[in-house]
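Worksheet for the structure shown next.
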There are 2 protein chains.
Amino acid sequence: METDLRRVILDSTRHLLVRDGYMSLSMRKIARAIGYSATSIYLHFENKDALIHALIEEGMDQLLAALKDAEAEHPGDPVARLEAMCRRFVVFGLENREYYEIMFMLHPEFMERYPAEKYRRARRNLDVIAATLADGVAQGVFAVENVRVVASTIWSALHGAVSLLLARRVDIRIEQTAFIEAAIAQTLGGVLAPAAREAPETSPLL
Amino acid sequence: METDLRRVILDSTRHLLVRDGYMSLSMRKIARAIGYSATSIYLHFENKDALIHALIEEGMDQLLAALKDAEAEHPGDPVARLEAMCRRFVVFGLENREYYEIMFMLHPEFMERYPAEKYRRARRNLDVIAATLADGVAQGVFAVENVRVVASTIWSALHGAVSLLLARRVDIRIEQTAFIEAAIAQTLGGVLAPAAREAPETSPLL
DNA sequence: ATAATATACTTAACACTGTTAAGTAATACA
DNA sequence: TGTATTACTTAACAGTGTTAAGTATATTAT
């Protein structure tokens, strides 16, 4: 069946990404792995970009699910909810390197080919963060001017941490968990209202 | 002369990076641009990696110079100094896209080939931030546990902002300057001591 | 049952990539 | 003058994404 091979290609590509990384991923290599000729892939995906884009979409959906889990875990407490979301984001990035790299670390030129419609879908991840911020502002625990802007800066701060960890660009003398905890603490500290700013309780889950 | 062509190659490569981006950079393209054969480049650089690594080093030096400028601008005030450094970092990234991309946005697999000795040199940029943090802690304006860890998280937060801006991954409905100001404000807010936190936080105009 | 068509794949080829081996002028030095 | 060195060249290898054209097999129409 047509869709069967499509699924096989996606899974095989993901596995190759985990094992060998994006740079050494080639259409012929995927073909060899699935036991078909390279051109067969083009019957199921327009080109290499489209194949990667499909994987990016899968990753975005998984990330969204992780954030929604955090959302459901702390329905009444925006601070705990935001912290849980930050943690889920970092854990997702570190545990799904193959997804994270193509989702957020591919070169700008490559991403400019990413269809605008899928961009919009990816933005749902931001909306979940923004909603939590808005909730916290309403309860007076967050001091945030523009919820959408700050949701973006939170995302960008976490993305900086994850991408540097994945690229092994963090000073090796710094313990990974210490770095993560500091990054999350700093991110939360940047939005907490002065009143809600004592007891910086952290519960490491790595 | 030998070193002459080496310099020509570096400059030409940088220009090609600005114009066409990293993904479309090829040895043969550089060769065409300088009017020599592609193999000539291998007389001056071991391979493509080494060529890029040389450019990365140049970029690191320029970034260090920018941070040192900020340092010299505010000798007595750690808070103003840190803010100036954050700003310089972001401006450097946005104004030197060709450097920033190869310095911090190249794929992890590529950077694993970056010589450890050059890594250490690049770390000087972090030391400048850490020194400012230490100064601020001594003056009681920064609340920071581990200066080296927090210097890293500051860097990572700023890197997240710059890399997302360069990759055009920030929601287009958000103004760039608003995003940058929010990112810097959040970064500073994460390290300021509660006492020093009143004045700048109660007058947010962005 | 036979002919036409559609499906799902194949091979061959094009223009590119980084890189190496071998060859060639021109210069410097003995 | 003869040798060595320097600074470059061309040709080639093994790889890349992608397209055009070809081939069996299965489905459908007459």
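Protein chains get the first letters and strands the later ones, always in sequence-line order, with residue 1 at the start of each.
- Applying the salt bridge (Lys or Arg N to Asp or Glu O under 4.0 Å) rule to pairs touching residues 157-169 of chain A yields A:Arg168-B:Glu112, sequence neighbours excluded.
- Partners of A:Arg19 under the salt bridge (charged side-chain N to carboxylate O under 4.0 Å, His left out) rule, at least two apart in sequence or in another chain, do not exist in this structure.
- Judged as a salt bridge (Lys or Arg N to Asp or Glu O under 4.0 Å), the pairs with a partner in residues 63-79 of chain B (not counting sequence neighbours) are, in order, B:Asp69-B:Arg88, B:Glu73-B:Arg88.
- For A:Arg32, there are no salt bridge (charged side-chain N to carboxylate O under 4.0 Å, His left out) partners at least two apart in sequence or on another chain.
- When the C1' atom of C:dT7 is taken as reference, atom CG of A:Leu43 falls 10 Å away, rounded to whole Å.
- Heavy-atom nearest nucleotides on DNA chain D were determined for A:Glu46 and for A:Ser24, and the one closer to the 5' end corresponds to A:Ser24.
- Residue B:Tyr42 contributes atom OH, which lies 5 Å from atom C1' of C:dT19 at whole-angstrom precision.
- Remark: C1' of C:dT19 and NZ of B:Lys48 are 12 Å apart, rounded to the nearest angstrom.
- Residue-level contact check: A:Leu51 touches neither bases nor backbone, having no heavy atom under 4.0 Å from any strand.
- Atom CZ of A:Arg6 and atom C1' of C:dA8 are 16 Å apart (whole Å).
- In this structure, a donor-acceptor pair under 3.5 Å is present between the side chains of A:His159 and A:Tyr100.
- Protein atom CE of B:Met23 is 13 Å distant from nucleotide atom P of C:dT17, rounded to whole Å.
- In terms of phosphate contacts, A:His44 brings no side-chain nitrogen or oxygen within less than 4.0 Å of OP1 or OP2 of C:dA8.
- Residue B:Asp4 contributes atom CG, which lies 13 Å from atom C1' of D:dA7 at whole-angstrom precision.
- Atom pair A:Arg113:CZ and D:dG17:P shows a separation of 12 Å (rounding to whole Å applied).
- Ring geometry for A:Trp155 versus A:Phe104: interplanar angle over 60°, hence perpendicular rather than tilted (30 to 60°).
- Residues forming a salt bridge (charged side-chain N to carboxylate O under 4.0 Å, His left out) with A:Asp135 (at least two apart in sequence, or on another chain): A:Arg81.
- At whole-Å resolution of the value, CZ in B:Phe45 and C1' in C:dG18 are 16 Å apart.
- Residues of residues 27-41 of chain A having a heavy atom closer than 4.0 Å to DNA chain C, listed by number: A:Arg28, A:Tyr36, A:Ser37, A:Thr39, A:Ser40.
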